[in-house]
Amino acid sequence: MSEATTDKKPVNAPNRQYTMERTRNIGIAAHIDAGKTTTTERILFYTGLIHKIGDVDDGNTVTDWMEQERERGITITSAAVTCFWTQKCAKAGEDAVYKAFNNLPNRINIIDTPGHVDFTAEVERSMRVLDGAVAVFCGVAGVQPQSETVWRQATKYKVPRIAFVNKMDRTGANFENALSDMRKKLNAYAYPILLPFGQGPTEAEGKAVEGGFEGVIDLINQKLIYWGPTEANEGLNYEIREIPEADKERANQGLEELIEAVSNKDDEIAELVIEGKPVSAPVLKAAIRRLTCKIELVPVLCGSAFKKKGVQTLLDAVIDYLPSPLDVPGAEGLEPGTENVVHVETDDNNKFCSLAFKLWTDPYAGKLVFFRVYSGQLKKGDTIYNPRTRKRERVSRLMIIQGSERKDVDHVYAGDIAALVGLRNITTGDTLCNEDYDVTLEPPSFPEPVISMAVEPKTKQDRDKMGEGLQRLAEEDPTFRCFTNEETSQLIIAGMGELHLEIIVDRLKREFKVDATTGAPQIAYRETITKEAEGEGKYIRQSGGRGQYGHACVKIYPNEKGKGIEIRNEIVGGAIPKEYIPPTINGIEEACKSGVYAGFQVIDMIVEITDGSFHEVDSNELAFKMAGIFALKDAFKTAGPILLEPLMKVEVTTPDEYQGDLLGDINRRRGTIIGIDAKGGQTILNAHVPLAEMFGYATAIRSLSKGRASYSMEPLTFEQVPNSVLSVILEAAGKKPAARS
Ligand code: GDP
């Protein structure tokens, strides 16, 4: 791992301060409450970014910028924070080259991964931009159901991990239990590199006192890293001591087990072991690093973030074992408009290519776009190209976030994470690259919203502010939409789930100071037709004075799934004069938006305007708009209209014994089982279930599996609503069920 020994062509630009070998892009993944926020805080403290440690319980943290996150205790948005770390802990017996390398500062970018299942798209995007992760577990609770979900996501995205067993100071903390949980429940090849020196009193001892956890035994260097029995104060660091006699045996045994575990998977260590040669610390570390990067081994550490013990050793391990951008395969993209895969080499000397993974409206700096550079370099003043919009933009300002400070930088390089300021036409998931390097890293398609809700501003001023706020939020988050229901003039927000919309309303209140009331969440049903039909619409008022005259005829056909609404003007000979075609189209579009059959948006239909008539004096735009609306409504009635509902792809992971009950429950929810697989001692059920039946599923799955099963879901497609439930929906929408009319 020494920089001096690489014989490959240099990939680092000569002027960069932190080479790629000394860059880490990491996420901290954890179950809610395991201590992710506290651990991040402590990291920022020890890397010198914050001077006074902010405790979560005081509601004063750096990464949780949004107030409601603090209140809810969940982290929804990924902010990226940059910090710098020079390794400090025990390095006895290590050779000179290794030591020299380790004494250089490293740059660590921490990407905040959302821990809540509702935000799958965001979790997936943040997993994609990080190279490695620290999985934080609670030393008392061990592996909780939610940690299983996060773990599986990291596995799916091939993210190498180290594990940090936190809260070792608490009553009932048990390192051995947490470790065996990781092996059993996560099927992880997990081996400690540190052992706790003392841990929180056991519950059986019934002691109320805490503080039994005093330090960690560094197995590789066979030293004790000691903080002491009380909470380490802010200035106090550890001492490196010899391992006390009483603990020597378990320290020795721990090292032997570690070497054996590594030798099972690594040839170099296996050879040394077979030949009976000693395995030196740097050689063992390098092997652990190789295996960790290949996701074949999970090094396990422990500590107490809250009591400030074990954070420095965690930072050292991030540098020692987690991959640099060079240790992971480069990004893959597509040549726009084709299926040709482009491999993006991680190299400063290549053309610039990056992914905008998060938009953030900062109260001071304005709109920030967090991006990860996959290749090349970017300087202030350069021009970047967005393959989605086919537009160029000039980079006027670049910055990194260091704790609560925003720091301007002039130059960013491959493997780095930074923020762009002041870009206009950009959305989450966009690729930003050189104009002559046309590649798209993430397909720019986002799922259709499946749930909607009316929002009502409290005052007229609120209405204006609300419009602006909603527009900004929609820019940040491509899975969120807002529009006005023309029939009721209500503002409607639509998104991927109930919690998604709740958060939006909360942000409106806090960030844009808009007071709004909300309606109940509604399933975003859609309407479409099944056969061809014709219709006619007239809007004629000619009794005295200036009248109204609009008249249009249309023909409608079903369109291919996903093709949306296509409106064609087939008028020949001026039956409707040219200037009245746009208002007629407008009327048709409006009718499609507000729905005809049951008040839901119409999709996948072709409309042809075929005929009509006009009046020299009385015709006007409004009359033709109305004629368009009426003609479409008329045709729709006889075109075999149907209602479509969002169908979700649901993945349930459960221990075997609950499989039967969970399957029965999915059947009752009109679900279709697609597959049942066994993986890592768990059963994985894949099913398609209508969203309308998924309300309350989180509670149901918890009680059916005693909290052991977990699930994730994402929108799949829209499917016809079966007759058995149609009448209920129509009735709720205020329309008479078709069957009874
Ligand atoms: P998150 O939800 O994973 O971000 O967890 P937090 O960092 O917000 O921590 C949840 C709770 O656990 C807070 O009350 C913390 O003070 C507490 N906590 C975090 N780390 C430790 C620890 O090492 N020891 C103890 N005793 N409590 C901790």
Side-chain angles (χ1 to χ4, degrees), residues 26-46 50 52-79 81 110-119 123 126 133-151 154 163-175 178 194 196-203 207-216 227-234 300-315:
I26 62 160
I28 299 184
H31 182 278
I32 290 164
D33 255 19
K36 180 169 101 174
T37 313
T38 310
T39 307
T40 311
E41 281 301 312
R42 296 316 194 231
I43 288 178
L44 297 185
F45 170 73
Y46 281 110
I50 38 179
K52 182 176 178 329
I53 289 194
D55 283 323
V56 183
D57 301 328
D58 303 338
N60 170 33
T61 59
V62 179
T63 40
D64 275 7
W65 290 347
M66 284 157 54
E67 281 180 48
Q68 77 266 33
E69 289 185 23
R70 293 182 202 174
E71 284 172 14
R72 285 165 201 260
I74 55 174
T75 308
I76 309 145
T77 38
S78 354
V81 186
I110 304 174
I111 298 114
D112 196 7
T113 55
H116 200 279
V117 274
D118 264 34
F119 302 94
V123 177
S126 56
V134 175
V136 179
F137 297 95
C138 169
V140 180
V143 176
Q144 294 154 289
Q146 175 83 60
S147 6
E148 295 183 40
T149 312
V150 178
W151 189 270
F164 181 64
V165 179
N166 187 32
K167 304 198 186 182
M168 286 309 299
D169 59 297
R170 270 189 52 192
T171 303
N174 190 322
F175 184 69
L194 302 177
F197 182 70
Q199 53 192 10
T202 62
E203 277 159 304
K207 288 186 204 158
V209 289
E210 294 187 1
F213 176 67
E214 298 180 12
V216 295
W227 282 270
T230 53
E231 180 173 333
N233 69 41
E234 287 174 14
V300 183
L301 295 88
C302 59
S304 162
F306 187 68
K307 298 275 162 103
K308 306 178 199 106
K309 297 171 193 175
V311 179
Q312 299 102 319
T313 34
L314 173 63
L315 279 162

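Whatever order the structure lists them in is the order used to number ligands and atoms, beginning at 1.
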Hey, what do you get for OG (Ser304) to CH2 (Trp227), rounding to the nearest 0.5 Å? 10.0 Å
Within the structure, is a non-hydrogen atom of Lys307 found at a distance of less than 4.0 Å from ligand 1? no
Which bit of Asp169 gets closer than 4.0 Å to ligand 1, counting heavy atoms only: side chain, backbone, both or neither? side chain
Location of contacts on Lys36 toward ligand 1, heavy atoms closer than 4.0 Å: both
Main-chain N/O of Ala305 paired to Asn166 side chain as donor or acceptor, under 3.5 Å: yes
Where ligand 1 meets Ser304 - atom numbers and elements under 4.0 angstrom, heavy-atom basis: 22 (C), 23 (O), 24 (N)
Between Met168 and ligand 1, does any nitrogen or oxygen pair lie at a separation below 3.5 Å? no
Assess the residue pair Met168 and Phe175 against the criterion (side chain to side chain contact (heavy atoms under 4.5 Å, CB included)); give the C-alpha distance rounded to whole Å, side-chain angles, the decisive distance to 0.1 Å, and a yes or no. CA-CA 8 Å; Met168 286 309 299; Phe175 184 69; 3.8 Å; yes
Result of checking Val165, Val300, Thr313, Leu314 against Leu194 for side-chain contact (heavy atoms from CB on, under 4.5 Å): Thr313
Selection from Thr38, Thr40, Val140, Val165 by shortest heavy-atom distance to atom 19 (C) of ligand 1: Thr38
Which ligand 1 atoms are under 4.0 Å away from a heavy-atom of Arg170? 25 (C), 26 (N)
N or O pair under 3.5 Å between Ala305 and ligand 1: yes
For the atom pair CD1 (Ile110) and OG1 (Thr40), what is the distance rounded to the nearest 0.5 Å? 6.0 Å
Could you tell me, atom by atom, which parts of ligand 1 come under 4.0 Å of a heavy atom of Gly35? 1 (P), 3 (O), 5 (O), 6 (P), 7 (O), 9 (O), 19 (C)
Taking Lys309 for its side chain and Gly228 for its backbone only, find out whether a donor-acceptor pair lies under 3.5 Å. yes
Quick one: closest heavy-atom pair of Cys138 and Lys167, and the distance? SG-CD, 3.8 Å
